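Down below is the structure, laid out as structure tokens.
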Amino acid sequence: MLQVAFIRENKDLVIERLAKRNVDASQMINDVITFDDDRKRLQTELDKTLAESNTLSKEIGNLYKSGEVEKANLLKEKTGQLKDTSKELTENLGSTTEALKELLYKIPNVPHDSVPRGNSDLDNEEVFKAGDIPTLHHGALPHWELAKKYDIIDFELGNKITGAGFPVYKGKGARLQRALIAYFLDKNTAAGYTEYQLPLLVNEASGFGTGQLPDKEGQMYHVTEDDLYLIPTAEVPGTNIFRDVVLSESELPVGITGYTPCFRREAGSYGAHVRGLNRLHQFDKVEIIRVEHPSKSYQALDGMVNHIKDILKALKLPYRILRLCGGDTSFASALTYDFEVFSTAQDRWLEISSVSNFETFQANRLKLRFKNSDGKNELAHTLNGSALALPRVLAGILENYQTEDGIVIPELLQPYTGFKIIN
RNA sequence: GGAGAAAUGGCAGAGUGGUCGAAUGCGGCAGUCUUGAAAACUGUUGAGGGUCACACCUCCGGGGGUUCGAAUCCCUCUUUCUCCGCCA
């Protein structure tokens, strides 16, 4: 959620930048300012009424004490009128504030200067590419065929137990998955992130804090009996650690990492691109989250990008980094880099990480602040990224490391798996 | 799930209808003293709205009510604690 003060002071910039998302925000921005003007006017009127009422109440108290009951009763009539006025003003103020808030919820974050204008993933900008695309033997298979051939992931069994998009990992497949989780967590903690184990269900306030609610509830599984939501990413419980928190400046930066399963309804997804591990309702992910001083958040974003590069380099996977265009950047993000691994047997790029700087957009909702050097509370910047999302990394490993003899486990994972080949 | 108790500032903890945004202690910050530090002493120290700045308004777990006036009384929800039950 953008701050009204920021919108007021940077009206033209906000409109111009939101155009990168193909959003014409001029009407909304003008409405925000109008609503806020109304809000201020009503607040001032209400304050005046309440001030008068407070003064009278004190007088009435004094009059009672000195036994001047008649005078007191006279004043009571007056306060009765003030009460009606203040009630009306309170209602108007409430509806105006509500309208303002609802409007603010609809306005996406202002993209960073470097974000290219664009409509879809076709307009994303490739900023980095590394790793060699292997030449596979004749008859190389996509990962879902490999999964069946070596009996390491059973999609049909998942269908039976739950439904589509809930695969069952078996034997060496399960072990490889666990190895990857452990490896990622080790890399992240070595880079200074503190490991957390987080709840997999969150309440409404948390969903709201990171922006899944009120608009995107269709993406989350909702346990209506208890009014809880299954997390779509560890970002939700992880970032909500800092809801309603005031940090001291010396506590910054904060870095946390956590492994969680993620649950996504993915309503409306279908087709060849969702085959196998490409798109699931339940998948595993290791997330990194940072809280940063506003002056250092972009430096931190670069740091996160480099950290993920290191991991992919160590895994020797071919990958590229995209700077997302305005139209493809998520609602709350100011700047997002996507990491994609090349899935050789499918001959396509698969997104395995998304790293974003939200600036104050989330912090404003969360009321996540720090006490700055002037002793004032100031909104912090939040960032997060996947390091990494499991299924597509797994797909990439299975497909890129396949040989005629089996799937060779990347060397640095072997201590975690306890085996060198799946065959 | 049943019975009872509680929720106040960073923390502890007073406050049971007006003079309470709230005693006191601890902690934090600034100063005095000291070569420096500790101790001691003095001052200061919640958040949001509003204003050029003041004034002023709101907030004592959330919501609603009674009253001229609520931290204080009533209703309700949530959470915590104790006891019982169930249980990995």
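Please read all numbers here as calculations on a predicted model, not as lab measurements. Every chain is numbered from 1 and lettered A, B, ... according to where its sequence line falls, protein lines coming before strand lines.
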Pair A:Arg8-A:Asp37, salt bridge (charged side-chain N to carboxylate O under 4.0 Å, His left out): steps then yes or no: CA-CA 11 Å; A:Arg8 278 182 179 279; A:Asp37 285 339; 2.6 Å; yes
Only pairs with both distances under 3.5 Å count, Watson-Crick or wobble alike; so what is the partner of [N] in this structure?
| N | value |
| --- | --- |
| B:G46 | B:C59 |
| B:A3 | B:U82 |
| B:A38 | none |
| B:C11 | B:G25 |
| B:U19 | none |
| B:A71 | none |
| B:C87 | none |

Among [options], the nucleotide that comes nearest once only the side chain of [X] is considered:
| X | options | value |
| --- | --- | --- |
| A:Ser57 | B:G50, B:C57, B:C68 | B:C68 |
| A:Lys40 | B:C57, B:G50, B:C68 | B:G50 |
| A:Gln43 | B:C56, B:C68, B:G49 | B:G49 |
| A:Asn377 | B:C57, B:G49, B:G48 | B:G48 |

Rounded distance in Å between the [atom1] positions of [N] and [M]:
| N | M | atom1 | result |
| --- | --- | --- | --- |
| B:C59 | B:A7 | C1' | 16 Å |
| B:U45 | B:A22 | C1' | 15 Å |
| B:C11 | B:C60 | P | 16 Å |
| B:A5 | B:C73 | P | 14 Å |
| B:C29 | B:G10 | C1' | 13 Å |
| B:G13 | B:G61 | P | 15 Å |
| B:G21 | B:A14 | C1' | 15 Å |
| B:G46 | B:C20 | C1' | 15 Å |

side-chain N/O A:Lys376 vs B:A47 OP1/OP2, d < 4.0 Å: no
Any A:Arg41 side-chain nitrogen or oxygen under 4.0 Å from OP1 or OP2 of B:G50: no
Cation-pi, A:Phe419 ring and A:Lys172 (6.0 angstrom, 45 degrees): yes
A:Lys367 NZ - B:G49 C1' separation (whole Å): 13 Å
Nucleotide B:C68, atom P - distance to CD of A:Glu68 in whole Å: 19 Å
Residues A:Glu378 and A:Lys376 bridged, charged N to O under 4.0 Å: no
Side chain A:Asn62 and base B:G18 donor-acceptor under 3.5 Å: no
Residue from A:Val341, A:Leu312, A:Leu180 passing side chain to side chain contact (heavy atoms under 4.5 Å, CB included) with A:Leu388: A:Leu312
With a 4.0 Å cut-off on heavy atoms, is [X] in touch with a base, just the backbone sugar-phosphate, or nothing at all?
| X | answer |
| --- | --- |
| A:Leu50 | sugar-phosphate |
| A:Lys71 | nothing |
| A:Arg369 | sugar-phosphate |

Residue pair A:Asn357 / A:Ser297, side-chain donor-acceptor N/O under 3.5 Å: yes
Nearest-0.5 Å distance that lies between atom NZ in A:Lys83 and atom CD in A:Glu88: 15.5 Å
Check: A:Tyr416 ring centre within less than 6.0 Å of A:Phe184 ring centre: no
